[in-house]
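Remember, predicted model here, so these are calculated numbers, not experimental data.
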Amino acid sequence: MVKLTIKISGMTCTGCARTVEKAVMSIPGVNSARVDLSRQEVTFEAQEALQLSAVQQAVEQAGFDIRAD
C-alpha cells in the first residue's frame, strides 16, 4: 500500500472536491481518497501497482488538471 499526494488545479468549491474524490476512488486499486480544497491537492492510498497515468486520466476526465509543482 502506498500513500500519495498530488496537486490539482481548477478546484473552486466543495462540489469540485467531491468530483475529484469520486474520480480518484473510481480507479481500481485505490482504497481511499481525500481532497484538501484549501491546499488544492488530493491524497490517496492505493495498491503499489497503481499507474499514476490512471490517476491523471481520471482527474482530467473529471475536468481538472494535475499541477507539476
Side-chain angles (χ1 to χ4, degrees):
M1 193 73 77
V2 295
K3 186 174 183 179
L4 300 169
T5 299
I6 296 175
K7 298 282 188 179
I8 307 289
S9 62
M11 295 187 298
T12 59
C13 64
T14 56
C16 295
R18 281 193 300 271
T19 298
V20 170
E21 281 181 0
K22 187 175 179 180
V24 174
M25 284 296 299
S26 72
I27 302 166
V30 172
N31 297 328
S32 67
R34 176 163 218 142
V35 168
D36 184 327
L37 186 58
S38 64
R39 295 177 62 112
Q40 294 286 295
E41 62 189 24
V42 61
T43 300
F44 59 95
E45 289 187 6
Q47 302 297 322
E48 291 184 31
L50 178 73
Q51 298 291 318
L52 288 179
S53 61
V55 177
Q56 182 175 4
Q57 183 179 6
V59 168
E60 288 176 353
Q61 286 180 343
F64 302 93
D65 294 308
I66 292 178
R67 293 189 348 223
D69 57 84

Residues pairing under salt bridge (charged side-chain N to carboxylate O under 4.0 Å, His left out) where one sits in residues 3-13, two or more places apart or in two chains, turn out to be Lys7-Glu41

Quick one: salt bridge (charged side-chain N to carboxylate O under 4.0 Å, His left out) pairs with a partner in residues 13-33, sequence neighbours left out?
none

Looking at Arg67, I'd like to know if its CZ atom is crowded, meaning that more than 12 non-hydrogen atoms belonging to other residues, nucleotides or ligands lie closer than 6.0 Å.
yes

Side chains of residues 42-60: which donor-acceptor pairs under 3.5 Å do they make with residues two or more places apart or in other chains?
residue	atom	partner	partner atom	Å
Thr43	OG1	Thr5	OG1	2.9
Gln56	NE2	Glu60	OE2	3.1

Could you walk me through whether Ile66 and Ile8 pass side-chain contact (heavy atoms from CB on, under 4.5 Å), step by step?
CA-CA 5 Å; Ile66 292 178; Ile8 307 289; 4.1 Å; yes

Going by side-chain contact (heavy atoms from CB on, under 4.5 Å), Met11 matches just one of Val35, Asp36, Asp65. Which one?
Val35

Tell me the closest heavy-atom pair linking Phe64 and Cys16, and the distance in Å.
CZ-CB, 3.7 Å

